[in-house]
Protein chains: 2
Amino acid sequence: MTATTLHRPTHRDALYLLEEAFGDGRMVTLFGRCTVDYDGRATSSLGPGDRLVVCKPDGTILVHTDEKRKPVNWQPPGCTHRASVRDGHLRVRSERSTPTERLDVAFERIDQVTAYEVTDRSDLRLQGSEEDLRRRILDDPALVEEGFVPQATERETAAGPVDVFGEDAAGRPVVVELKRRRVGPSAAGQLQRYVEAVDEEFPDEGVRGVLVAPSVTDRARELLAERGLSFVAVEPVADEGDDESGDGDSVAKAEGDGGDDGADAGRDDGPDAGDDAADESDDAADDTAE
Amino acid sequence: MTATTLHRPTHRDALYLLEEAFGDGRMVTLFGRCTVDYDGRATSSLGPGDRLVVCKPDGTILVHTDEKRKPVNWQPPGCTHRASVRDGHLRVRSERSTPTERLDVAFERIDQVTAYEVTDRSDLRLQGSEEDLRRRILDDPALVEEGFVPQATERETAAGPVDVFGEDAAGRPVVVELKRRRVGPSAAGQLQRYVEAVDEEFPDEGVRGVLVAPSVTDRARELLAERGLSFVAVEPVADEGDDESGDGDSVAKAEGDGGDDGADAGRDDGPDAGDDAADESDDAADDTAE
DNA sequence: CGTGCCAGGTGCCAT
DNA sequence: ATGGCACTTGGCACG
């Protein structure tokens with residue numbers, strides 16, 4: 001079996017399962033009413049409430065409430081988990097050093113504990129990063145400007161590595177800074193530091209700086225102008241044509257709303273199948289509840 | 001009941017539970033073998049593997065593997081969850097607009113689905129933030145320097161709001177930038193922008209800039225020196241005396257290690273109770289497995 | 001809504 | 001370990 005679950009366990013039984021799971025590297029989720037205390041880079045305390053706690057075999061621990069993407073409390077990978085029963089509470093403690101940090105979760109009631117055997121060898125393939133943008137620039141340097149010739153990436157300077165370094169049609173050195181999304185003043189400052197550094201390497205050659213990004217804030221634009229730097233607008237991802245959507249048989253829809261949604265539980269958005277264009281070849285073996 | 005669980009459910013049964021849970025604002029966890037595809041600000045795809053999926057009633061969805069603190073894929077609050085059964089897979093789709101993003105999780109096997117009723121009214125109390133540091137500076141301006149007189153916080157300038165603005169013993173304007181931890185070059189740049197902006201408001205008054213932080217990197221120190229800015233070392237949190245640790249009855253210990261720990265499942269670290277100094281008043285009603 | 005900035009940021013890779 | 005920086009950064013406050 002790959003998932004072992006206890007419902008409403010005693011603290012002692014929950015402890016046994018945690019022992020086993022921690023011992024053989026299984027992932028654990030706990031759900032119940034608990035308080036959370038953290039002390040480390042900062043300090044925090046959280047009163048009683050129902051939360052989902054996830055303990056990973058790599059030493060990560062996450063405490064999630066019913067809101068937000070970020071855990072309300074956590075501990076990063078590399079920590080040591082311990083569990084014990086004290087004062088009528090099941091306590092899960094996670095600690096690390098450098099820096100010294102400690103997280104305590106104290107359950108007064110445990111609704112469920114589950115230990116999972118996880119096997120996952122797949123790696124995420126992500127596109128649209130700054131890395132992609134760099135490849136695009138190298139593929140087509142004219143995106144920066146006509147006549148631009150890239151000569152190096154990640155070229156080291158006294159101010160740190162420059163994304164793309166090259167020269168323009170007139171042979172002047174060009175420093176290119178890439179950003180995959182809209183940039184603010186800090187990017188202008190970063191670019192200027194690079195230009196200044198390269199300028200010391202090539203005195204009197206009139207080193208230029210170009211910021212490549214989808215867009216720029218007003219203030220950053222001003223800063224660039226003040227400092228004689230240029231901006232070139234380039235979308236972070238190549239045109240990926242049409243995104244097909246539409247899913248025919250929508251079921252189990254949740255609006256994603258805090259809570260006070262009142263009376264809106266209508267489930268009568270049923271007959272909307274067969275939207276428009278034939279999208280994916282998804283129209284096979286549909287099994288829809290109801 | 002506050003947790004409803006299905007073990008090894010059919011896709012159809014899992015779908016029913018998802019419907020209900022999405023409908024009445026319960027939190028859901030799914031565990032099983034799945035693939036994940038994302039398209040939005042970037043694009044990603046993840047091959048088959050065992051993962052834990054968390055769907056929150058606020059529209060958040062998280063896909064966690066057995067490693068790392070960050071979900072391998074996710075969708076932020078405010079999204080709309082839908083579930084359906086297609087091509088022999090249970091598909092959970094989460095979408096939003098502005099920006100348009102879509103996440104699809106396709107389960108080929110579901111080991112467990114659970115719906116939780118979450119009630120959590122407690123707010124996290126966090127200490128050690130920049131806000132705390134600001135209060136300390138205002139309490140004791142001499143931490144910045146002898147004779148410093150704060151006049152405003154978050155004072156607006158052309159370069160943005162200044163953390164603390166005031167004047168020194170000689171009546172010169174002082175811009176104070178606060179950082180709760182060790183700072184790098186970007187903080188120096190930020191402070192310089194502020195000083196330049198205030199300098200335009202008070203020409204010829206010799207506006208000064210002070211960076212207050214626990215410590216500073218070498219490069220940032222150089223930049224500050226070049227630009228005539230000062231640095232003052234201040235610890236982010238007031239001395240909180242002694243941190244007590246030690247927990248006597250450690251049980252269910254997990255090292256926090258990738259996986260290849262070989263033979264180390266020994267559970268014979270038992271007789272280490274009663275460590276050293278009498279720590280907390282925790283020594284009551286201890287119930288320890290074994 | 002965009003704009004700007006802090007965060008217990010996290011993660012990755014360099015020295 | 002420290003440093004520098006990208007990130008589907010996330011989150012909040014403000015215009």
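Chain letters run A, B, ... following the sequence lines, proteins first, then strands; residues in each count from 1.
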Across the strands shown, which category fits Asn73(B) at heavy-atom distances under 4.0 angstrom: base, sugar-phosphate, nothing? base
Give one of base, sugar-phosphate or nothing for Ala159(B), where a contact means two heavy atoms less than 4.0 Å apart. sugar-phosphate
What integer number of Å spans the P atoms of dG11(C) and dG11(D)? 15 Å
Rounded to the nearest 0.5 Å, the CG atom of Leu133(B) sits from the CG atom of Leu138(B) at a distance of 9.5 Å
Kindly indicate whether the side chain of Gln190(B) and the base of dG4(C) share any N or O donor-acceptor pair separated by less than 3.5 Å? no
Measuring from the side chain of Tyr194(B) (C-beta onward, heavy atoms only), which nucleotide among dC7(D), dC5(C), dA7(C) has the closest atom? dC5(C)
So which nucleotide from dC7(D), dC6(C), dG10(D) ends up closest to the side chain of Lys179(B)? dC6(C)
Per Thr217(B) side chain, nearest of listed nucleotides dT9(D), dG4(D), dT10(C): dG4(D)
If you only use heavy atoms from C-beta on, which nucleotide in dT8(D), dG11(C), dG8(C) is closest to the side chain of Tyr38(A)? dG8(C)
DNA chain D: 5'-proximal contact among Ser44(B) and Gly160(A) (nearest heavy atom): Gly160(A)
What distance, rounded to whole Å, do you find between the two C1' atoms, one in dA7(C) and one in dA6(D)? 16 Å
Protein-nucleotide distance (Leu124(B), atom CG; dG9(C), atom P), rounded to Å: 14 Å
State plainly whether the residues Lys56(B) and Asp66(A) are in salt-bridge range, i.e. N to O under 4.0 Å. no
Using whole Å, what does the distance between atom C1' of nucleotide dT8(D) and atom CG of Leu46(B) come to? 14 Å
With rounding to whole Å, what would you report as the distance between dT8(D) and dG4(D) at their P atoms? 23 Å
Among the candidates dA7(C), dT9(D), dT10(C), find the nucleotide nearest to the side-chain atoms of Arg180(B). dA7(C)
Rounding to an integer number of Å, can you tell me how far Arg125(B) CZ sits from dG8(C) P? 16 Å
Is the phosphate of dG10(D), meaning OP1 or OP2, less than 4.0 Å from a side-chain N or O of Trp74(B)? yes
From CD of Glu131(A) over to P of dC5(D), roughly how many Å is that when rounded to an integer? 17 Å
What does Pro76(A) touch in the nucleic acid at a heavy-atom separation under 4.0 angstrom: a base, only the sugar-phosphate, or nothing? base
Please pick, from dT10(C), dG11(D), dT8(D), the nucleotide with the shortest atom-to-atom distance to any side-chain atom of Arg69(A). dG11(D)
Using whole Å, report how far CD of Glu130(A) lies from C1' of dC13(C). 14 Å
Would you call Arg135(B)-Asp132(B) a salt bridge at under 4.0 Å N-O? yes
Position toward the 5' end of DNA chain C (nearest nucleotide), Gln75(A) or Arg193(B): Arg193(B)
Name the nucleic acid region contacted by Arg182(A), choosing base, sugar-phosphate or nothing; use a 4.0 angstrom heavy-atom cut-off, strictly under. sugar-phosphate
Can a salt bridge be assigned to the pair Arg180(B) and Glu130(B) using a cut-off of 4.0 Å between side-chain N and carboxylate O? no
Respond yes when some side-chain nitrogen or oxygen of Arg41(B) is under 4.0 Å from OP1 or OP2 of dC7(D), and no when none is. no
Closest nucleotide among dA7(C), dC6(C), dG4(D) to the Glu177(B) side chain: dC6(C)
Can you measure Lys70(A) atom NZ to dT8(D) atom P for me and round it to whole angstrom units? 15 Å
Starting at atom CG of Leu211(A), determine the distance to atom P of dA6(D), rounded to an integer number of angstrom. 11 Å
Should Glu201(A) and Arg155(A) count as an ion pair when the cut-off is N to O under 4.0 Å? yes
Below 4.0 angstrom from OP1 or OP2 of dC12(D), is there any side-chain N or O of Lys68(A)? yes
With the side chain defined as heavy atoms from C-beta on, Arg219(B) is closest, among dG8(C), dC7(D), dG4(D), to dG4(D)
Rounding to an integer number of Å, can you tell me how far Glu154(B) CD sits from dC6(C) P? 9 Å
Would you mind checking if Arg134(A) and Glu131(A) are paired as a salt bridge, meaning a charged N to carboxylate O distance below 4.0 Å? yes
State plainly whether the residues Arg51(B) and Asp120(A) are in salt-bridge range, i.e. N to O under 4.0 Å. yes
